[in-house]
Amino acid sequence: MPFPPYERGITRHPLERVPRGMRLSERSVTVAPEAQGAVAALIRSWEFKRRAGFSGPETAPAAGLEGMLTKRVFGITFTEPIRVVWADEHGFGYETRPGHPIYGEESFVLENGMFTARSISRPSTLIWRLLSPALRFMQRTTHARYTRIVGAEARRVR
């Protein structure tokens with residue numbers, strides 16, 4: 001099944017329009033000024049994803065870096081190939097690669113005192129489309145976990 005193209009790096013900023021056939025998932029939390037340095041350092045590394053239960057590359061996110069994220073769910077290990085499409089002092093974003101359960105992009109951004117986890121996605125195959133309610137649930141709970149991790153880091157440094 002061919003996927004409609006979308007502009008790489010699209011999740012870096014708020015979306016005016018979601019690409020056809022894709023779903024937007026977004027969760028934000030305010031970060032106090034005194035905690036922004038610690039939160040920015042956290043979300044510019046894979047440590048952020050590790051705290052959410054994923055394993056990932058050993059090197060810091062950098063545009064063009066390809067790697068694998070893995071996560072165990074109900075005793076099953078899921079391998080998720082990704083490629084970083086942008087990385088800067090505000091965070092990073094990556095696109096999924098063939099073999100990932102979803103097709104799309106996800107980013108983690110801290111700007112103007114607001115942390116946002118944002119993704120656009122759709123199931124990558126027919127099997128995953130049949131399981132899309134479970135994928136959406138996992139995506140919502142994972143984004144909620146991201147905001148809890150940022151909130152905990154912000155409280156830690158206050």
Side-chain angles (χ1 to χ4, degrees), residues 6-19 22-73 77-124 128 134-158:
Y6 64 90
E7 177 187 340
R8 300 302 185 260
I10 191 172
T11 61
R12 171 69 178 79
H13 302 286
L15 283 97
E16 294 179 15
R17 185 180 64 76
V18 177
M22 303 193 80
R23 285 184 168 273
L24 172 66
S25 179
E26 186 174 274
R27 192 92 175 225
S28 298
V29 64
T30 302
V31 177
E34 62 272 15
Q36 290 180 22
V39 167
L42 176 66
I43 67 167
R44 287 191 316 257
S45 74
W46 295 108
E47 177 60 25
F48 178 69
K49 293 288 281 186
R50 286 185 188 93
R51 291 185 190 182
F54 293 84
S55 64
E58 294 299 318
T59 60
L65 174 73
E66 293 197 25
M68 295 282 194
L69 300 174
T70 59
K71 182 168 178 120
R72 287 185 61 82
V73 178
T77 300
F78 291 90
T79 302
E80 303 177 344
I82 56 100
R83 177 176 33 213
V84 177
V85 292
W86 69 270
D88 64 21
E89 68 276 6
H90 299 285
F92 72 98
Y94 62 83
E95 67 179 339
T96 63
R97 305 295 293 149
H100 196 291
I102 62 172
Y103 167 78
E105 186 176 298
E106 184 168 48
S107 67
F108 312 101
V109 181
L110 177 63
E111 280 188 320
N112 303 319
M114 183 72 64
F115 164 76
T116 302
R118 179 180 300 119
S119 65
I120 56 165
S121 63
R122 66 179 283 170
S124 62
W128 288 112
L135 283 176
R136 284 194 302 275
F137 173 78
M138 290 174 61
Q139 197 167 45
R140 281 192 309 272
T141 58
T142 301
H143 279 188
R145 185 173 299 127
Y146 295 151
T147 57
R148 284 194 304 274
I149 291 166
V150 165
E153 184 69 11
R155 286 188 299 279
R156 186 187 69 75
V157 299
R158 283 173 135 180

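Of all non-hydrogen atoms in P61 and R44, the two that sit nearest each other are CD-O, 3.3 Å. Between Q36 and G113, the shortest heavy-atom distance links the atoms NE2-CA, 3.2 Å. Minimum heavy-atom separation, V73 to M138: CG2-CE, 3.8 Å. Pairing each heavy atom of P98 with each of P81, the nearest pair is O-CG, 3.3 Å. Nearest approach of P57 to G67, heavy atoms of both residues: CG-CA, 4.3 Å. Minimum heavy-atom separation, P19 to I10: CG-CD1, 3.9 Å.
Between the CD1 atom in I43 and the CD atom in E153 there is a gap of 11.0 Å [rounded to 0.5 Å]. Here the CD1 atom belonging to I82 is positioned 11.0 Å from the CD atom belonging to E105, to the nearest 0.5 angstrom. To the nearest 0.5 Å, atoms CD1 (I149) and CD (E47) are separated by 9.0 Å. Taking CE of M68 as the reference point, atom OG1 of T79 lies at 6.5 Å (rounded to 0.5 Å). Between the CG atom in L24 and the CZ atom in R17 there is a gap of 12.5 Å [rounded to 0.5 Å]. To the nearest 0.5 Å, the span separating CZ on F108 from OG1 on T11 amounts to 8.5 Å.
Side-chain atoms of R122 do not come within 3.5 Å of backbone N or O of Y103 as any donor-acceptor pair. Formation of a donor-acceptor pair under 3.5 Å by the T116 side chain with backbone atoms of R118 is not found in this model. Checking side-chain atoms of R156 against main-chain N and O of A152 turns up no donor-acceptor pair under 3.5 Å. A donor-acceptor pair is defined here as one N or O able to donate and one able to accept, closer than 3.5 Å; such a pair exists between the side chain of D88 and the backbone of H90. Under the 3.5 Å distance criterion, the side-chain polar atoms of S121 are left unmatched by any main-chain donor or acceptor of G104.
Taking the six-membered ring wherever Trp is involved, the centroid distance between the rings of F48 and F115 falls below 6.0 Å.
In this structure, W46 and Y94 have tilted ring planes: the angle between them lies in the 30° to 60° band.
The closest side-chain heavy-atom distance from S119 to H143 is below 4.5 Å.
Checked against Y146 for a side-chain hydrogen bond (donor to acceptor under 3.5 Å, both in side chains), the options R51, R27, K49 give a single hit: K49.
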Report task. List the steps, then state whether salt bridge (Lys or Arg N to Asp or Glu O under 4.0 Å) holds for E80 with K71. Result -> CA-CA 8 Å; E80 303 177 344; K71 182 168 178 120; over 6 Å; no
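The side chain to side chain donor-acceptor pair (under 3.5 Å) analysis of residues 57-69, with sequence neighbours excluded, yields the pairs E66-R83.
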